[in-house]
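Every heavy atom of this structure was used, including side-chain atoms; hydrogens, water molecules and symmetry mates were not. Model, not experiment: these values are computed from the prediction. Naming: A, B, ... by sequence-line order, numbering from 1 per chain.
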Protein chains: 2
Amino acid sequence: MSDVSSIPPRPGLPVGTAAERRDAARNRERLLAAARELIADCGAEGLTMDRLAEHAGVGKGTVFRRFGSRAGLMLTLLSESEAVFQSRFMFGPPPLGPGAPGLERLIAFGVERISYVMEFGDLVLAAEHASHGRFEAPAAVLWHRHIEILLREEGFGSDPWLMAWSLAATLDPERLLSLVKVHGITPDRLAASWRDLVTRVVRGA
Amino acid sequence: MSDVSSIPPRPGLPVGTAAERRDAARNRERLLAAARELIADCGAEGLTMDRLAEHAGVGKGTVFRRFGSRAGLMLTLLSESEAVFQSRFMFGPPPLGPGAPGLERLIAFGVERISYVMEFGDLVLAAEHASHGRFEAPAAVLWHRHIEILLREEGFGSDPWLMAWSLAATLDPERLLSLVKVHGITPDRLAASWRDLVTRVVRGA
DNA sequence: CATCTAAACGGACTACGGTCCGCTTAAAAT
DNA sequence: ATTTTAAGCGGACCGTAGTCCGTTTAGATG
């Protein structure tokens, strides 16, 4: 009978899964290291699953066994910074975290999200691409819910759930990146427009 | 010396291009017919370029010579209904066309767009997918401009161009289809939320 | 230590979008 | 009618994501 409490924690993996074998853990580390290296060298678009497998010295099947898909790999690479972002708007200091009025939190949320996309843009894009249910990803669901709650807090009456979706659409990474990279819009201007949008939506009650 | 005026019109092709050879025209018709047939049978996702080539009895290279890419093919298939939609909101009767106040036209535009996506959803999706500059497609540019003009007409002062992008984001086909197909939202509810959104944005001056 | 088994592994294989290039042919010019 | 030439054509070929299945091995059991 094995002692469950002796199983070492494996950050990033769902709880309740059987313990990871040594070789599996080693290969996961190898793969993540190789992936970060390749992205640093060739950018996120330059990372192919074949190259990753070769670079990490494992078979291709192993890559897919670990991460399920390319999008899954990108998600894993992002998970740390995502977690930081999430904890900041859920538990951090105002105006992003609790303590400030809903409208200010909404504004801060959009501004932070824009910064986040500017920093990890291509990775986020790669994580969303090919993932058919991109709107059902746990992180996306969390944002929608967050926005919805803030809307309700501000007394938004009519269909706050759907309005949260509309507002989230404005923060879509692909759109933001297109605006910045193709049209040369500055992040500041994006932030100003977001502030304007949410203010009108909330005040227009 | 050839008489330019004797060249027969080729709907859907850019003007200023050299006349199409007979065999090319014949193959284009074959391909479009085969494409519509395949889509009717297997849905838009079931249409692959290889199958299309085989089904139409032409080589694969011919398919790509005609349409450039899968997205280009889908765009061609949509072009007729797109043109109808465009002419309706640009030249048609109010409230969609000119003659009604800007806000009413905005509301009508969103409602019509939602209907359009409900009707041609998967085709629109296939036309956007894999096309890297989906926001720079001629049709998309036209909508943005249309929304922007209506905003200005309503006296929207601060950055109407960017606000038009935000509003257009709400009407993104992928999002709309996900809401309807995954979350079971009715088109009516989408339309109501759109009305609410644009009203708040315009009135909130 | 020997045995056993389920997890992990690897790389050949498929499906797909897209490119390339040598051959064919419509149709213009003579 | 013959010649000429550029548009059109076909399908082999490439890179990529993702699957399959026979083989290997970590690590638990006795």
Subject >> Atom-to-atom span, CD of Glu20(B) to C1' of dA27(C) - whole angstrom >> reply: 14 Å

**OP:** For atom CZ of Arg30(B), decide whether the heavy atoms of other residues, nucleotides or ligands shown that lie under 6.0 angstrom number more than 12.
**Re:** yes

Original post:
Atom CD of Glu54(B) to atom C1' of dC16(C): distance rounded to whole Å?
Top reply: 14 Å

**OP:** For Arg65(B), answer base if it contacts any base atom (sugar-phosphate contacts may also be present), sugar-phosphate if it contacts only those atoms, and nothing otherwise; contact means non-hydrogen atoms under 4.0 Å.
**Re:** base

Original post:
Starting at CE of Met49(B) and ending at P of dA15(C), how long is that distance when rounded to a whole Å?
Top reply: 18 Å

Original post:
Which of residues 32-42 of chain A sit near DNA chain D, with a heavy atom under 4.0 Å from it?
Top reply: none

Original post:
Of the nucleotides dC9(C), dG18(D), dG17(C), which one has an atom closest to the side chain of Ser69(A)?
Top reply: dG18(D)

Can you give me the N/O atom pairs linking the protein to nucleotides 11-13 of chain C at distances under 3.5 Å, or say none if there are none?
| residue | atom | partner | partner atom | Å |
| --- | --- | --- | --- | --- |
| dG11(C) | N7 | Gly61(A) | N | 3.3 |
| dG11(C) | O6 | Gly61(A) | N | 3.3 |

Original post:
In terms of side-chain heavy atoms of Phe64(B), which of dT16(D), dA8(C), dG18(C) is nearest?
Top reply: dG18(C)

Original post:
Using a cut-off of 4.0 Å on non-hydrogen atoms, how would the nucleic acid contact of Arg21(B) be classed: base, sugar-phosphate, or nothing?
Top reply: base

Original post:
Are any of Asn27(B)'s side-chain N or O atoms less than 4.0 Å away from OP1 or OP2 of dC9(D)?
Top reply: yes

Subject >> Under-3.5 Å donor-acceptor pair between Arg22(B) side chain and dA26(C) base >> reply: no

**OP:** Grab the CG-C1' distance between Leu52(B) and dG17(C) for me, whole Å please.
**Re:** 13 Å

Original post:
Would one find a side-chain N or O of Arg66(B) under 4.0 angstrom from OP1 or OP2 of dG8(D)?
Top reply: yes

Original post:
Going by distance alone, is a donor N or O of one side chain under 3.5 Å from an acceptor N or O of the other, for Asn27(A) and Thr62(A)?
Top reply: no

